[in-house]
Amino acid sequence: MRFEQRTVTCGFLRPEHAGQQVVLNGWVNARRDYGGIIFIDLRDREGVTQVVIDTSHRPELDEQIRDVRSEYVLWVKGAVRLRENPNPKIPTGLIEVLADEIGIINAADVTPFEIVDDLGTNEELRLTYRYLDLRRPVLQRNFLIRNKLYQITHRFFEEEGFVEIETPVLTKSTPEGARDFLVPSRINKGRFYALPQSPQLFKQLLMVSGFDKYMQIVKCFRDEDLRADRQPEFTQIDVEMSFITQEDIIALTERFVLQAWKEILNYEVSTPLLRMPFKTAMERYGSDKPDLRYGLELTNVTITAGVCGFSIFSDAVASGNVVMALNAKGCGSFSRKQIDELGEHAKKYGAKGLPWLKVSGGEVTGSFVKFLSDEHRDLLLQELKAEDGDLLLFSPGEWERACIISGALRTEVARRTGILDGVAGTYSFHWITEFPLLEHSEEENRWIARHHPFTAPMDADVSLLSSDPTHARAIAHDLVINGYEAAGGSIRIHTNDVQQTMFDLLGFTREDADAKFGFLLNALRFGAPPHGGIAFGFDRLVMLLCQTDNIRDVIAFPKTTSGLSLMDGCPSDVDTKQLGDLGIALTRQ
RNA sequence: GGGAUCGUAGCUCAGCUGGUUAGAGCGCUGCCCUGUCAAGGCAGAGGUCGCGGGUUCGAGCCCCGUCGGUCCCGCCA
């Protein structure tokens, strides 16, 4: 099959090229047939160029392109000329190519969906034919942005003196944290590798080795349930440094984000970024990754609520719980049905109900107003700065749970009132710091690490480890962008004894700790430098840069929420020979 | 593990309280048309209502199961 190679792409030509002879290669985006004259829009990843077939100019072409339909692959040779009727909607809209010769490079069946941007097609079909979906300009743009971020990342960290080192993909399964994807070992039957949830331990060991500044763009794997912003395999920018403090990590991260947003979006991130302790974030926004593009802050009304006479509140407070409240500004017009829907939303996060008050025309109504004295009612209104037309939503409960419920209501109210739409296209960057080091697992009835068990406690809180572990804070930092956890890291424990103490606290026996993390404990005995780092969720950064809230829009071949790849059909059955080689027998088909 | 929601033509959807031959737009096929770019006109083809079972005189619609998509809670050190 003969075809002439392109001399320009489909996005290249402009009026100054008029008169030039060119060759285009591309896909048929659309065909408009007028009998004597036919227009073909030819598309490649750079753009679309209109090709004109004029039968009075080249009568033989009419027969040649008779069969040409959408998504055929063509080569076209012809002269560039200015259009009679320009199309201002596309960059090449001032010119067209008058075809002298056309060849069909390959035919195409009718595609299962049209290759257009404003596609209503459901994702199931798009993922089944992902290679066609990826022809759509909107997705092509996302992957060009993704590529830009790869390049910026490598350049930035290179210039900062970092060295990229690859860590293993076949690693040891560790019990803490997310479920591992396991890989059976054929040579060592009955034993398994695990795919890394992150290269955490390897990068710490590289610090012990003296590599000082390490980075890697690396695939990580977590066998947990999926979400709109979560895939089982994902990419992170993994960073670790020695002889540094938390300030160095924060400053480095800010320089990186500044550069990425500048180069890709020409957006000026104003640094230094706001920092907020975990506790403040929870109290004011009900989240450890609050979206700060809008206010709508929460209020802790525990003191007033405790004595207001409403037993749900006073009982909660009497048992050591709190009452958080949200003033949903201007939502006083919400119907009973809408308020009930908010209540249902709150219940998803563990609320038992949703007490509310409404201020309308100087009148206060609500689910529990009859239990309140005028004095306590007015006090609550005052604390919440309630004005006419406001809706007040209350969440009694255990502190963190009550905050989370109120925070979920905050987000939902922002969505329903159009506040979220109003901030689309803007960015808010900030740090959350001073995370609790530990949290208590009811399920396992022991302490578990909130971040991971290698995170160092804040110097001021080291003594709390033995006396009051709940209140020990970690030297940890999360970068939050528009309500997404975009990066997270910490200063690590770099001495054997503190790491051992941590494992003790987490309920590991010495033997356990040794069996699972002995190699780390050993390494910390041989002169480990103080170190720390951060890991960026690469896919989430790309999501934010592309302004999509679906992680599948920035991953070329993603899985569905049940972990399937609809295109190639994995995970799939394997034959018994393969299983036999691995020494594996299935208990159930 | 749990909740919500969806599955009808190639695509997007409509289809009332269970009742005749399941509709529309786009796409597709054919013909016409020399300036369109969401081309237009005329004609036409195209359906196992995701799958299996049940209730009923009768099921796209009701019930049970199952498969798949999406969103969320739990989970995600």
Side-chain angles (χ1 to χ4, degrees), chain A residues 29-41 48-57 62 66-67 69-70 83-90 92-93 96 98 109-129 132 174-180 197-198 200-201 220-232 234 341 344-351 401 404-405 408 411-412 435 437-439 441-444 447-455 474 476 485 488 490 502 506 517 535 537 549-550 552 559-564 566 569:
Chain A
N29 203 50
R31 172 195 166 113
R32 293 179 294 280
D33 188 342
Y34 287 78
I37 190 166
I38 300 162
F39 300 99
I40 287 178
D41 293 338
V48 170
T49 298
Q50 174 167 290
V51 173
V52 186
I53 292 97
D54 189 335
T55 49
S56 63
H57 174 68
D62 189 44
R66 180 166 303 254
D67 295 333
R69 296 292 182 271
S70 289
R83 288 199 195 187
E84 279 178 35
N85 304 309
N87 179 3
K89 290 183 200 162
I90 58 173
T92 61
E96 64 192 7
L98 177 64
D109 287 352
V110 175
T111 52
F113 51 86
E114 294 175 68
I115 312 300
V116 293
D117 272 350
D118 50 349
L119 192 64
T121 302
N122 73 54
E123 229 180 321
E124 191 173 357
L125 191 73
R126 289 172 41 207
L127 290 177
T128 305
Y129 297 93
L132 296 179
T174 53
E176 292 287 283
R179 263 186 290 270
D180 289 320
Q197 302 168 24
S198 100
Q200 179 62 35
L201 293 176
C220 301
F221 306 85
R222 290 176 192 173
D223 188 9
E224 296 293 346
D225 289 356
L226 310 186
R227 284 285 198 289
D229 64 347
R230 224 194 276 166
Q231 283 276 301
F234 59 98
E341 285 166 359
E344 286 306 310
H345 190 73
K347 277 181 190 166
K348 290 199 295 192
Y349 292 82
R401 186 47 48 187
I404 287 171
I405 292 164
T411 311
E412 181 64 11
F435 283 90
L437 186 67
L438 302 163
E439 60 190 332
S441 165
E442 302 303 325
E443 195 183 324
E444 300 178 52
W447 294 105
I448 55 173
R450 183 148 193 144
H451 187 52
H452 56 54
F454 321 108
T455 303
E485 184 190 333
S490 62
M502 180 62 78
L506 296 175
F517 300 110
D549 50 15
N550 181 346
R552 295 180 297 275
K559 309 284 189 285
T560 66
T561 48
S562 60
L564 306 179
L566 297 179

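Computation of the quantities below employed the complete heavy-atom set of this structure, encompassing side-chain atoms and omitting hydrogens, waters and symmetry-equivalent molecules. The chains referred to below are lettered A, B, ... by the order of the sequence lines, with proteins before strands, and numbering in each begins at 1.
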Pick the [atom1] atom in [N] and in [M], then give their distance to the nearest Å.
N: G68(B); M: A59(B); atom1: C1'; answer: 23 Å
N: U8(B); M: C76(B); atom1: C1'; answer: 37 Å
N: A14(B); M: A9(B); atom1: P; answer: 12 Å
N: G50(B); M: C16(B); atom1: P; answer: 14 Å
N: G60(B); M: G18(B); atom1: P; answer: 13 Å
N: U12(B); M: G53(B); atom1: P; answer: 27 Å
N: C61(B); M: G2(B); atom1: P; answer: 26 Å
N: G25(B); M: G46(B); atom1: C1'; answer: 15 Å

So does [X] get a side-chain nitrogen or oxygen closer than 4.0 Å to the phosphate oxygens (OP1/OP2) of [N]?
X: Thr561(A); N: U70(B); answer: yes
X: Asn122(A); N: U12(B); answer: yes
X: Arg552(A); N: C71(B); answer: yes

### Query
With sequence neighbours excluded, what pairs up with Ile37(A) under the side chain to side chain contact (heavy atoms under 4.5 Å, CB included) test?
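Result, side chain to side chain contact (heavy atoms under 4.5 Å, CB included) vs Ile37(A): Tyr34(A), Phe39(A), Val52(A).
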Nearest-Å distance for atom pair [atom1]/[atom2], residues [X] and [N]:
X: Asp180(A); N: C75(B); atom1: CG; atom2: P; answer: 18 Å
X: Gln231(A); N: C76(B); atom1: CD; atom2: C1'; answer: 13 Å
X: Ile53(A); N: C33(B); atom1: CD1; atom2: P; answer: 17 Å
X: Glu412(A); N: C73(B); atom1: CD; atom2: P; answer: 12 Å
X: Asp109(A); N: C11(B); atom1: CG; atom2: P; answer: 15 Å
X: Ile38(A); N: C31(B); atom1: CD1; atom2: P; answer: 12 Å
X: Leu132(A); N: G10(B); atom1: CG; atom2: C1'; answer: 13 Å
X: Leu226(A); N: C73(B); atom1: CG; atom2: P; answer: 13 Å

So, the side chain of [X] versus the backbone of [Y]: is there a donor-acceptor pair under 3.5 Å, distance only?
X: Arg31(A); Y: Ile38(A); result: no
X: Gln231(A); Y: Arg552(A); result: no
X: Arg450(A); Y: Glu439(A); result: no

Check [X] against [Y] and note the closest heavy-atom contact, atom names and distance.
X: Ala408(A); Y: His345(A); value: O-NE2, 3.5 Å
X: Thr455(A); Y: Ala476(A); value: CG2-CB, 4.4 Å
X: Leu506(A); Y: Trp447(A); value: CD2-O, 3.4 Å
X: Gly563(A); Y: Leu226(A); value: N-CD1, 3.7 Å
X: Leu125(A); Y: Pro112(A); value: CD2-O, 3.8 Å
X: Gln197(A); Y: Gly177(A); value: OE1-C, 4.1 Å

N/O contacts under 3.5 Å, protein versus nucleotides 65-68 of chain B?
residue	atom	partner	partner atom	Å
G68(B)	O2'	Glu124(A)	OE2	2.5

Between N or O atoms, less than 3.5 Å apart, protein on one side and nucleotides 22-29 of chain B on the other: list the pairs.
residue	atom	partner	partner atom	Å
C26(B)	O2'	Glu114(A)	OE2	3.4
U29(B)	OP1	Arg69(A)	NE	3.0

Pairwise N/O distances under 3.5 Å, protein to nucleotides 1-3 of chain B:
residue	atom	partner	partner atom	Å
G1(B)	O6	Asp225(A)	OD2	3.2

### Query
At what distance, to the nearest 0.5 angstrom, does CE of Met502(A) lie from CG of Leu437(A)?
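Separation between the atoms: 4.0 Å.
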### Query
Atom OG1 of Thr561(A) and atom CD of Glu123(A): how far apart are they, to the nearest 0.5 Å?
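CD of Glu123(A) is found 9.0 Å from OG1 of Thr561(A).
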Could you let me know what [N] is paired to, Watson-Crick or G-U wobble, both distances under 3.5 Å, or none if it's on its own?
N: G18(B); value: none
N: C26(B); value: G10(B)
N: C31(B); value: G41(B)
N: U66(B); value: G50(B)
N: C71(B); value: G3(B)

### Query
Which part of the nucleic acid, if any, lies within contact of Gln200(A), taking any heavy atom under 4.0 Å across all strands shown: a base, the sugar-phosphate backbone alone, or nothing?
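It contacts base atoms.
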### Query
What does Pro453(A) touch in the nucleic acid at a heavy-atom separation under 4.0 angstrom: a base, only the sugar-phosphate, or nothing?
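Base contact.
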### Query
With a cut-off of 6.0 Å (strictly less than), are more than 12 heavy atoms of other residues, nucleotides or ligands near CG of Asp117(A)?
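Counting neighbours around CG of Asp117(A), more than 12 heavy atoms of other residues, nucleotides or ligands fall under 6.0 Å, so yes.
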### Message
Once salt bridge (Lys or Arg N to Asp or Glu O under 4.0 Å) is applied, do any residues pair with Arg83(A), and if so which ones, sequence neighbours excluded?
### Response
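Expected list: none.
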### Task
Between protein and nucleotides 34-45 of chain B, map the contacts as a letter string: B base, S sugar-phosphate only, - none, heavy atoms under 4.0 Å, written 5' to 3'.
BBBBSB------
#### Entry: Earlier contact from the 5' end, RNA chain B, for Ser198(A) and Glu123(A)
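Looking at RNA chain B, the more 5' nearest nucleotide goes with Glu123(A).
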### Task
Answer whether the closest heavy-atom distance between the side chains of Arg69(A) and Val110(A) falls below 4.5 Å.
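When only atoms from C-beta onward are counted, Val110(A) and Arg69(A) do not touch, as no gap falls below 4.5 Å.
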### Query
Does a side-chain N-to-carboxylate-O contact under 4.0 Å join Asp41(A) and Arg32(A)?
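Yes, Asp41(A) and Arg32(A) are salt-bridged.
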### Query
Has the side chain of Arg230(A) got a donor or acceptor atom sitting under 3.5 Å from an opposite partner on the base of C76(B)?
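Check passes, donor-acceptor contact within cut-off.
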